[in-house]
Amino acid sequence: MVKPLPRDFYDRPTLTVARELIGARLVRILDAAKLVGIITETEAYIGEEDLACHAKSGLTPRTQVMYGQPGHAYVYFTYGNHWMLNAVTEREGFPAAVLIRAIQPIEGVEVISKNRQGRDTFGPGKLCQAMGITKTENGVDLTEANQSLWIEAGIFVPNKSVTIGPRVGLNKTPEPWLSKPWRFLVKDISVTPALASGASVARRP
DNA sequence: AGCACGATGCTCT
DNA sequence: GAGCATCGTGCTT
């Protein structure tokens, strides 16, 4: 039985966590079904200084979770339709998180596909719909496997397979934040199914 | 295959 | 009341 990534994993610089979450397994227990996806895209949001980070306006009811203990889920709602999943990072009291933007489904694929009406899961709103993640999951401890949502070690993705670039979807964020290379994604998406099969090997020591 | 736009509701000013 | 860490559709090349 693989254990969830420990709190120490999240209690580190957010960029390190964002990079190392690439290839990790996002596990969701939904109505007795186990859904698993390999994380293929992340973005870092770091502190009140970062004008793209929700914490730019300080501690509010919404951003409270980001100020808390690392390793918890920060789930919020946007654009009237979509839920976004983040993993809280860095020490308690410092607001930072990694947005999980895309997954490659590897277990419970039928349920995931049904939740998405057969469409893809590459996108932060899409993966939440695929995994049935909503405000109920806000604040869940991702280091506890007895919850309904956690993250565990998956596969090793080498640097040469990871693209680093500026975060996307930040319409009016001023520089220098707009151009910070704080986005990580698996380079060639056609390679991802191979990574997923590699994951099943990695699970069997 | 690329762009424009509307849906839709919560959060902060 | 404006703005949003988006998505899907529908229309244009």
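If you measure from atom CE of A:Met66 to atom C1' of B:dT11, you get 13 Å, rounded to the nearest angstrom. Residue A:His82 contributes atom NE2, which lies 11 Å from atom P of B:dT8 at whole-angstrom precision. Computed from coordinates, the A:Tyr79 OH to C:dG3 P distance equals 12 Å when rounded to whole Å. Atom pair A:Leu51:CG and C:dC4:P shows a separation of 12 Å (rounding to whole Å applied). In this structure, CD1 of A:Ile46 is placed 16 Å from P of C:dA5, rounded to the nearest angstrom. Rounded to a whole Å, the CD atom of A:Gln117 is 12 Å from the C1' atom of C:dC7. A:Arg119 places its CZ atom 18 Å from the P atom of C:dT6, with the value rounded to the nearest Å. In this structure, CZ of A:Phe184 is placed 19 Å from P of C:dA5, rounded to the nearest angstrom.
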**OP:** In sequence, state the C-alpha distance, the side-chain angles, and the governing distance for A:Ile22 and A:Thr42, and then conclude on side-chain contact (heavy atoms from CB on, under 4.5 Å).
**Re:** CA-CA 7 Å; A:Ile22 297 289; A:Thr42 60; 3.9 Å; yes
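Nucleic acid contact class of A:Leu170 (heavy atoms, under 4.0 Å, all strands): sugar-phosphate only. At a threshold of 4.0 angstrom between heavy atoms, the contacts of A:Asn86 include nucleobase atoms, whether or not backbone atoms are also involved. Within 4.0 Å (heavy atoms only), A:Arg167 reaches no atom of the nucleic acid at all. Residue contacts for A:Arg116: at a heavy-atom cut-off of 4.0 Å it reaches the sugar-phosphate backbone alone, with no base atom in range.
For the salt bridge (Lys or Arg N to Asp or Glu O under 4.0 Å) with A:Glu43, the qualifying choice from A:Arg19, A:Arg101, A:Arg167 is A:Arg101, the only one to do so.
Taking only side-chain nitrogens and oxygens, A:Arg183 never comes nearer than 4.0 Å to OP1 or OP2 of C:dA5. For C:dA5, the OP1/OP2 oxygens have a side-chain nitrogen or oxygen of A:His54 closer than 4.0 Å.
Checked against B:dG9, C:dA5, C:dG8, the side chain of A:Phe77 finds its nearest nucleotide in B:dG9. Distance from the side chain of A:Asn81 is smallest to B:dA7 among C:dT6, B:dA7, C:dC4. Set against C:dC4, C:dG8, B:dC12, the side chain of A:Lys172 has C:dC4 as its closest nucleotide.
Between the side-chain ring of A:Tyr45 and the base of C:dA5, a stacking contact exists by the 5.5 Å and 30° definition.
Base pairing annotation: C:dG8 forms a Watson-Crick or G-U wobble pair with B:dC5, both donor-acceptor distances under 3.5 Å.
Counting only distance, with no hydrogens or angles, the side chain of A:Glu48 and the backbone of A:Pro95 share no donor-acceptor pair below 3.5 Å. Judged by distance alone, with hydrogens and angles left aside, the side-chain atoms of A:Arg7 form no donor-acceptor pair with the main-chain N or O of A:Thr143 at under 3.5 Å. Of the possible donor and acceptor atoms, one in the side chain of A:Lys187 sits under 3.5 Å from a partner among the backbone N and O of A:Lys160. Remark: side-chain polar atoms of A:Asp31 are not paired, donor with acceptor, to backbone N or O of A:Ala33 under 3.5 angstrom.
Nearest-nucleotide mapping onto DNA chain C: of A:Asp120 and A:Val98, the residue sitting toward the 5' end is A:Val98. Summary of the strand contacts: A:Val168 and A:Lys126 both lie near DNA chain C, and taking for each the nucleotide with the nearest heavy atom, the more 5' one is attributed to A:Val168.
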